[in-house]
Amino acid sequence: MSNPSLLILAGDGIGPEVMDEVKRIITWFGDNRDLAFDVSEDLVGGVAYDKHGTPLTDETMAKAQAVDAVLLGAVGGPKYDALDFSVKPERGLLRLRKEMDLFANLRPAQCFDALADFSSLKKDIVAGLDIMIVRELTSGVYFGEPRGIHMENNMRVGINTQRYTEAEIERVARAAFDLARKRSKKLCSMEKANVMESGILWRDVVTEVHEADYQDIALSHMYADNGAMQLVRAPKQFDVILTDNLFGDILSDCAAMLTGSLGMLPSASLGVPMANGRPKAMYEPVHGSAPDIAGQGKANPIACILSFAMALRYSFDQGAEADRLEAAIEKVLADGARTADLMGPEDGTPLSTVQMGDVILAALDASL
Ligand code: NAD
């Protein structure tokens, strides 16, 4: 059997810096856990535009379709702000998501005990928090037609359309129920069925899928506005939250900030299973290319490393090795390892990106 394949698209700004640490972790698993990957690398975003005049070439797109999982760093930067919309770095990312049909976006919000003071909420409300938001990523109001700005009675009118088919709801609901089954078997679905027909359909389809195949999961429904309140009032009441593209965009950012720093937040975007049974998948940190600190060795690599841990768990069925990597990160944080984003100005000297990689690798060594 050949090794599973990974395509690394490190991108712009701090993307390559944090991805360098992920590459060391990948090598560690090959050397120590008999878990070798065939790794290839290519360009996405501004660096691809600089070389090819496009943020993602057809060749790179084809490679992404062919591998078992894509690991992406970050794209964008001020150098590219004035470019035409069609060739902006972010278009490369959107093309990957669209053509790979990555309809389920998984955003964990996990609060490491050692960082509980970093949250804007009280420590006891967030300590030990571990929730997962599953956001529908390829349909809904960001894609629905008609859309645009036109004139009506001498006035400009802006239109976007919230649209979901039952098949689009069903497939993301199944992804969320499957996930809930691997966690604490609890799922809360959020929409606005009180004021939106698409919300009524969402609730109906989720309920039908539950009744048909997932009766072992405790399902609840909540209006998304109440969900936002509950997330900051008592977030630990949730485990898996399932929601649509628009509400998921907002609720996942809200949940993310419960945990403190952007430098800690991973994500996964999953599509339909390929011939080998693995889902199409792309793993990336939530943060962007951080031009303000790029090239200075200050970036926190943990969000990108945790994204690789998600790849181990969701693409390669290596939950125990994902646990090992997450435990190594938890350990170094408990021991006081901090990059600059996890420290106040009075807190001493921060670790560099590479030094954070070093201590995580040492903790992995110690785990053997
Ligand atoms: P950003 O996430 O790049 O940075 C926001 C702030 O968080 C900055 O102060 C940055 O220094 C800090 N930060 C982010 N990641 C960090 C890390 N790993 N370690 C330490 N500090 C970190 O968001 P932005 O400044 O709004 O956007 C910068 C560029 O990134 C823009 O071009 C934007 O379009 C792009 N962007 C890309 C993605 C992506 O590739 N998925 C996501 C968001 C923004």
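One-based numbering, in listed order, for ligands and for the atoms of each.
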Could you tell me whether [atom] has at least one protein heavy atom nearer than 4.0 Å?
{"atom": "atom 24 (P) of ligand 1", "answer": "no"}
{"atom": "atom 7 (O) of ligand 1", "answer": "yes"}
{"atom": "atom 41 (N) of ligand 1", "answer": "yes"}

| field | Separation of L106 CG from R135 CZ (nearest 0.5 Å) | value | 12.0 Å
In terms of residue, atom name and distance, what is the protein heavy atom nearest to [atom]?
{"atom": "atom 5 (C) of ligand 1", "answer": "L262 CD1, 3.8 Å"}
{"atom": "atom 35 (C) of ligand 1", "answer": "V75 O, 3.2 Å"}
{"atom": "atom 29 (C) of ligand 1", "answer": "S289 OG, 3.3 Å"}
{"atom": "atom 22 (C) of ligand 1", "answer": "I293 CD1, 4.1 Å"}
{"atom": "atom 34 (O) of ligand 1", "answer": "E90 OE2, 2.5 Å"}
{"atom": "atom 19 (N) of ligand 1", "answer": "N300 N, 2.9 Å"}
{"atom": "atom 2 (O) of ligand 1", "answer": "G288 N, 2.7 Å"}
{"atom": "atom 14 (C) of ligand 1", "answer": "H287 CB, 3.6 Å"}

| query | Got a sec: does the NZ of K63 have more than 12 other heavy atoms crowding it under 6.0 Å? | reply | yes
[X] side chain to [Y] main-chain N or O, any donor-acceptor pair under 3.5 Å?
{"X": "S5", "Y": "D68", "answer": "yes"}
{"X": "K280", "Y": "Q65", "answer": "yes"}
{"X": "E99", "Y": "R95", "answer": "no"}

| message | Quick check on the 6.0 Å ring-centre criterion: do F29 and F37 meet it? | response | no
Quick check on contacts: which atoms of ligand 1 are under 4.0 angstrom from a heavy atom of [X]?
{"X": "G263", "result": "17 (C), 18 (N)"}
{"X": "L93", "result": "39 (C), 40 (O), 41 (N)"}
{"X": "I14", "result": "15 (N), 16 (C), 17 (C), 18 (N)"}
{"X": "A74", "result": "40 (O)"}

| Can you check whether A299 has an N/O within less than 3.5 Å of an N/O in ligand 1? | no
| task | Output yes when the distance from some N or O of ligand 1 to some N or O of G77 is under 3.5 Å, and no in every other case. | result | yes
Is there a donor-acceptor contact under 3.5 Å linking the side chains of [X] and [Y]?
{"X": "D239", "Y": "S184", "value": "yes"}
{"X": "D50", "Y": "Y80", "value": "yes"}
{"X": "D244", "Y": "Q162", "value": "yes"}
{"X": "H210", "Y": "E208", "value": "no"}
{"X": "Y142", "Y": "N160", "value": "no"}

Give the contacting part of [X] toward ligand 1: side chain, backbone, both or neither, where contact means a heavy-atom distance below 4.0 Å.
{"X": "D292", "value": "side chain"}
{"X": "E284", "value": "side chain"}
{"X": "V18", "value": "neither"}
{"X": "D81", "value": "neither"}

| Proximal candidate to atom 28 (C) of ligand 1 [heavy atom criterion; set G76, A340, P291] | P291
| remark: To atom 3 (O) of ligand 1, the nearest of G73, P285, P350, A290 on a heavy-atom basis is A290
| query | So do the side chains of V206 and F177 get within less than 4.5 Å of each other, counting heavy atoms only? | reply | yes
| Note, M343 side chain near L351 side chain (heavy atom, < 4.5 Å) | no
| field | Residues which pass side-chain contact (heavy atoms from CB on, under 4.5 Å) with D84, listed by chain and number, not counting sequence neighbours | value | S86, V87
